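Counting starts at 1 for both ligands and their atoms, following the listed order. All values reported here derive from a predicted model rather than from experimental measurement.
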Amino acid sequence: LRHFPFFEHLGEDELTEIAPLFITRKYEKGANVFFEEEEGDELYIIKSGVVKIYRDDNAREIILAIFREGDFFGEMAVLQNEQVRSASARTLEQSTLYVLKRFDFISLLNRSPDIFIKILETALDRLRRANELITDLTILDARTRIVRMILRLTENHGLQNKEGLLIDLKLTHQQMADMTGTVRETVTKILLDLQNQQLIRIDKKKIIICNINGLRHLIEP
Ligand code: CMP
């Protein structure tokens with residue numbers, strides 16, 4: 001647990017004390033952890049794998065966030081006892097999650113103000129992102145939205161390698177459309193344009209950013 005941002009403030013003793021509270025649960029790729037509107041009394045921390053947070057109405061879907069190792073989710077329904085899940089969660093890869101029950105989570109927060117602050121900070125970061133997403137969806141054109149999505153993905157999923165900045169996620173064009181409120185054909189076309197301009201490359205379904213300043217310049221000329 002020590003390697004998780006969530007617990008970085010805890011000492012060895014505390015870690016030893018809380019470790020038994022976590023259950024480990026494995027999920028196949030494409031499995032739902034929970035659905036929007038369900039009641040929930042568990043918080044999840046990703047040990048390995050990738051999880052998308054989304055809302056849908058059967059016809060269309062909007063992806064709100066994609067989480068990976070070290071990220072947590074499900075804190076909203078857990079902290080707001082009388083509220084249901086605000087979105088659904090589904091694995092994009094085979095994943096292993098640490099599960100913490102409400103009672104244990106609350107007693108952990110009571111014991112450790114550092115964890116409490118960490119969670120609040122993360123929740124506020126997510127609110128900022130959500131505000132950006134609302135603005136993007138309302139006022140920006142499709143190309144700008146897609147470029148901004150690519151730049152934003154580098155923050156949580158970026159990996160520097162020899163060829164550039166790799167986004168360490170395999171996303172389909174449909175998933176990228178669901179993140180930007182566009183359609184698959186638009187994503188395909190714009191990704192092709194960006195490749196032709198040598199701003200990005202696609203390698204084994206992952207995006208490599210070859211020219212990050214070029215990308216930034218596209219949206220803030
Ligand atoms: P909860 O409402 O319990 O279940 C869905 C979870 O998705 C929620 O807790 C948060 O952990 C997470 N979540 C909901 N909305 C967003 C968002 N806009 N950005 C990032 N994460 C979110």
Side-chain angles (χ1 to χ4, degrees), residues 1 4-7 21-23 25 27 29-58 60-93 95-109 115-140 145-146 148-158 167-169 171 175-182:
L1 296 177
F4 289 84
F6 207 80
F7 300 114
L21 304 179
F22 289 87
I23 311 161
R25 213 178 278 159
Y27 293 84
K29 175 176 175 170
N32 265 82
V33 183
F34 53 72
F35 289 95
E36 186 185 336
E37 308 275 313
E38 280 178 1
E39 291 189 4
D41 69 343
E42 293 177 337
L43 166 97
Y44 305 87
I45 304 172
I46 304 177
K47 182 177 181 220
S48 66
V50 183
V51 174
K52 75 167 173 180
I53 303 294
Y54 68 100
R55 292 171 61 104
D56 68 349
D57 69 348
N58 295 325
R60 293 207 60 180
E61 175 174 314
I62 174 102
I63 298 181
L64 298 169
I66 297 184
F67 293 139
R68 63 190 305 123
E69 179 184 319
D71 292 326
F72 67 85
F73 61 93
E75 78 293 351
M76 291 171 63
V78 169
L79 287 171
Q80 299 178 294
N81 210 338
E82 64 294 348
Q83 298 269 24
V84 292
R85 296 290 186 198
S86 62
S88 305
R90 181 183 299 172
T91 58
L92 293 182
E93 303 285 341
S95 304
T96 303
L97 308 181
Y98 290 124
V99 185
L100 190 60
K101 294 279 180 193
R102 174 182 286 127
F103 176 84
D104 294 324
F105 179 49
I106 303 287
S107 43
L108 184 62
L109 292 183
I115 291 191
F116 190 79
I117 290 173
K118 186 86 205 162
I119 289 188
L120 188 59
E121 276 177 0
T122 308
L124 296 177
D125 272 342
R126 290 175 183 174
L127 181 58
R128 282 174 193 273
R129 289 259 174 93
N131 287 351
E132 279 174 24
L133 188 63
I134 294 171
T135 324
D136 285 9
L137 293 175
T138 320
I139 58 184
L140 298 179
R145 296 212 293 265
I146 290 169
R148 278 177 59 100
M149 169 201 68
I150 294 173
L151 291 171
R152 206 170 288 137
L153 283 172
T154 63
E155 291 167 23
N156 204 17
H157 306 277
I167 296 175
D168 193 18
L169 266 186
L171 291 175
Q175 284 164 339
M176 291 189 241
D178 294 341
M179 295 174 73
T180 48
T182 55

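- With sequence neighbours excluded, no residue forms a ring pair (Phe, Tyr, Trp, His ring centres under 6.0 Å) with F105.
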Show every donor-acceptor pair shorter than 3.5 Å between a side-chain atom in residues 32-39 and any protein atom, with sequence neighbours excluded, or say none if there are none.
{"unit_1": "N32", "atom_1": "OD1", "unit_2": "R90", "atom_2": "NE", "d": "2.7"}
{"unit_1": "N32", "atom_1": "OD1", "unit_2": "R90", "atom_2": "NH2", "d": "3.1"}
{"unit_1": "N32", "atom_1": "ND2", "unit_2": "F34", "atom_2": "O", "d": "3.3"}
{"unit_1": "N32", "atom_1": "ND2", "unit_2": "Y54", "atom_2": "OH", "d": "3.1"}
{"unit_1": "N32", "atom_1": "ND2", "unit_2": "A89", "atom_2": "O", "d": "3.2"}
{"unit_1": "E36", "atom_1": "OE2", "unit_2": "R55", "atom_2": "NH2", "d": "3.4"}
{"unit_1": "E38", "atom_1": "OE1", "unit_2": "F35", "atom_2": "N", "d": "3.2"}

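- Residues that satisfy the salt bridge (charged side-chain N to carboxylate O under 4.0 Å, His left out) test with E82, not counting sequence neighbours, are absent from this structure.
- Residues E61 and I63 have side chains in contact (heavy-atom distance under 4.5 Å, counting atoms from C-beta outward).
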Tabulated below should be the N or O atoms of ligand 1 paired with protein N or O atoms at under 3.5 Å; can you produce that?
{"unit_1": "ligand 1", "atom_1": "2 (O)", "unit_2": "S86", "atom_2": "N", "d": "2.8"}
{"unit_1": "ligand 1", "atom_1": "2 (O)", "unit_2": "S86", "atom_2": "OG", "d": "2.7"}
{"unit_1": "ligand 1", "atom_1": "3 (O)", "unit_2": "G74", "atom_2": "O", "d": "3.3"}
{"unit_1": "ligand 1", "atom_1": "3 (O)", "unit_2": "A77", "atom_2": "N", "d": "2.9"}
{"unit_1": "ligand 1", "atom_1": "3 (O)", "unit_2": "R85", "atom_2": "NH1", "d": "2.7"}
{"unit_1": "ligand 1", "atom_1": "9 (O)", "unit_2": "M76", "atom_2": "N", "d": "3.4"}
{"unit_1": "ligand 1", "atom_1": "11 (O)", "unit_2": "G74", "atom_2": "N", "d": "2.8"}
{"unit_1": "ligand 1", "atom_1": "11 (O)", "unit_2": "E75", "atom_2": "OE1", "d": "2.6"}
{"unit_1": "ligand 1", "atom_1": "11 (O)", "unit_2": "E75", "atom_2": "OE2", "d": "3.4"}

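- Side-chain atoms of M76 and Q83, non-hydrogen and from C-beta on, never get closer than 4.5 Å to each other.
- The closest side-chain heavy-atom distance from V51 to Y27 is not below 4.5 Å.
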